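Values in this document were obtained by computation on a predicted structure and should not be read as measured data. Values below: every heavy atom of this structure, side chains too, minus hydrogens, waters and symmetry copies. For ligands, and for the atoms within them, numbers begin at 1 and follow the listed sequence.
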Amino acid sequence: MKILVINGPNINMIGVREPEIYGKKTYLELCGFVKENCVRLGLDVDIFQSNYEGEIIDSIQQAYGFYDGIIINPAAYTHTSIAILDALKAVNIDTIEVHLSDPENREPFRKISYVSEYATKVFKGEGFNGYLKALEYFANKKQIK
Ligand code: DQA
C-alpha cells in the first residue's frame with residue numbers, strides 16, 4: 001500500500017517555529033518518525049512538503065493512480081483552501097487530515113477546515129502521534145483488504 005504524506009506551509013519550520021505550540025522536534029525528525037513507522041507497519045511512503053498552494057494541488061493530482069492513501073497536514077491552507085479540497089475530491093483517494101496542534105482550541109479563524117469536508121478522519125492536537133494514528137488507519141485497512 002502506497003501512502004503520500006503531504007505537509008503544508010511552515011511545517012518544515014517545526015522545532016524552530018512556536019515550540020510552545022508545535023513542540024521542539026524538527027521536521028527532519030517528523031520525516032524520520034513517519035518513515036520508521038511505515039517500515040514497521042509495512043507501508044510504502046513518500047513525503048512531500050511545500051509552502052505553495054499550487055504545488056500541494058499538483059502533488060494531490062499527481063497522486064492519482066499511484067497512491068492508495070493520502071495523509072495531509074494542510075497547515076494554514078486548512079482554513080482557506082477550497083482548491084485543495086477540490087483536488088482531494090477530484091482524485092478520490094482515501095485521505096486522513098492531521099494537525100500537530102488542535103486548531104479548534106486556538107484562534108477563531110482556525111475553526112473552519114475545508115479539507116475536513118472530504119477527509120475520512122481527522123487527528124489533531126497529538127503532535128507526531130496524529131501521523132502515527134493516520135498510518136495505523138491505512139495499515140489496518142490494508143489488513144482488511
Ligand atoms: C497546523 C494548524 C494550522 O492552524 C496552522 O496554520 C499550521 C499547523 C497544525 O499542524 O497544528 O500551520 O496545521
Side-chain touch Y137/T120, heavy atoms, less than 4.5 angstrom
yes
Measure and list all N/O to N/O distances between ligand 1 and the protein that fall under 3.5 angstrom.
{"from": "ligand 1", "atom 1": "4 (O)", "to": "H79", "atom 2": "NE2", "distance (Å)": "2.7"}
{"from": "ligand 1", "atom 1": "4 (O)", "to": "R110", "atom 2": "NH1", "distance (Å)": "2.9"}
{"from": "ligand 1", "atom 1": "6 (O)", "to": "A76", "atom 2": "N", "distance (Å)": "3.2"}
{"from": "ligand 1", "atom 1": "6 (O)", "to": "R110", "atom 2": "NH1", "distance (Å)": "3.0"}
{"from": "ligand 1", "atom 1": "10 (O)", "to": "N73", "atom 2": "ND2", "distance (Å)": "2.8"}
{"from": "ligand 1", "atom 1": "10 (O)", "to": "L100", "atom 2": "N", "distance (Å)": "2.8"}
{"from": "ligand 1", "atom 1": "11 (O)", "to": "L100", "atom 2": "N", "distance (Å)": "3.3"}
{"from": "ligand 1", "atom 1": "11 (O)", "to": "S101", "atom 2": "N", "distance (Å)": "2.8"}
{"from": "ligand 1", "atom 1": "11 (O)", "to": "S101", "atom 2": "OG", "distance (Å)": "2.6"}
{"from": "ligand 1", "atom 1": "12 (O)", "to": "R17", "atom 2": "NH1", "distance (Å)": "3.2"}
{"from": "ligand 1", "atom 1": "12 (O)", "to": "R17", "atom 2": "NH2", "distance (Å)": "2.8"}
{"from": "ligand 1", "atom 1": "13 (O)", "to": "N73", "atom 2": "OD1", "distance (Å)": "2.8"}
{"from": "ligand 1", "atom 1": "13 (O)", "to": "H99", "atom 2": "ND1", "distance (Å)": "2.8"}

In the structure I gave you, are the side-chain heavy atoms of L132 and F123 within less than 4.5 Å of one another anywhere?
no
Does any non-hydrogen side-chain atom of V115 lie less than 4.5 Å from one of V122?
no
Report yes if some heavy atom in the side chain of I72 is under 4.5 Å from a heavy atom in the side chain of I56; otherwise report no.
yes
From Y114 OH over to T78 OG1, what is the distance, rounded to the nearest 0.5 angstrom?
11.5 Å
Separation between OH of Y131 and NE2 of H99, rounded to the nearest 0.5 Å:
9.0 Å
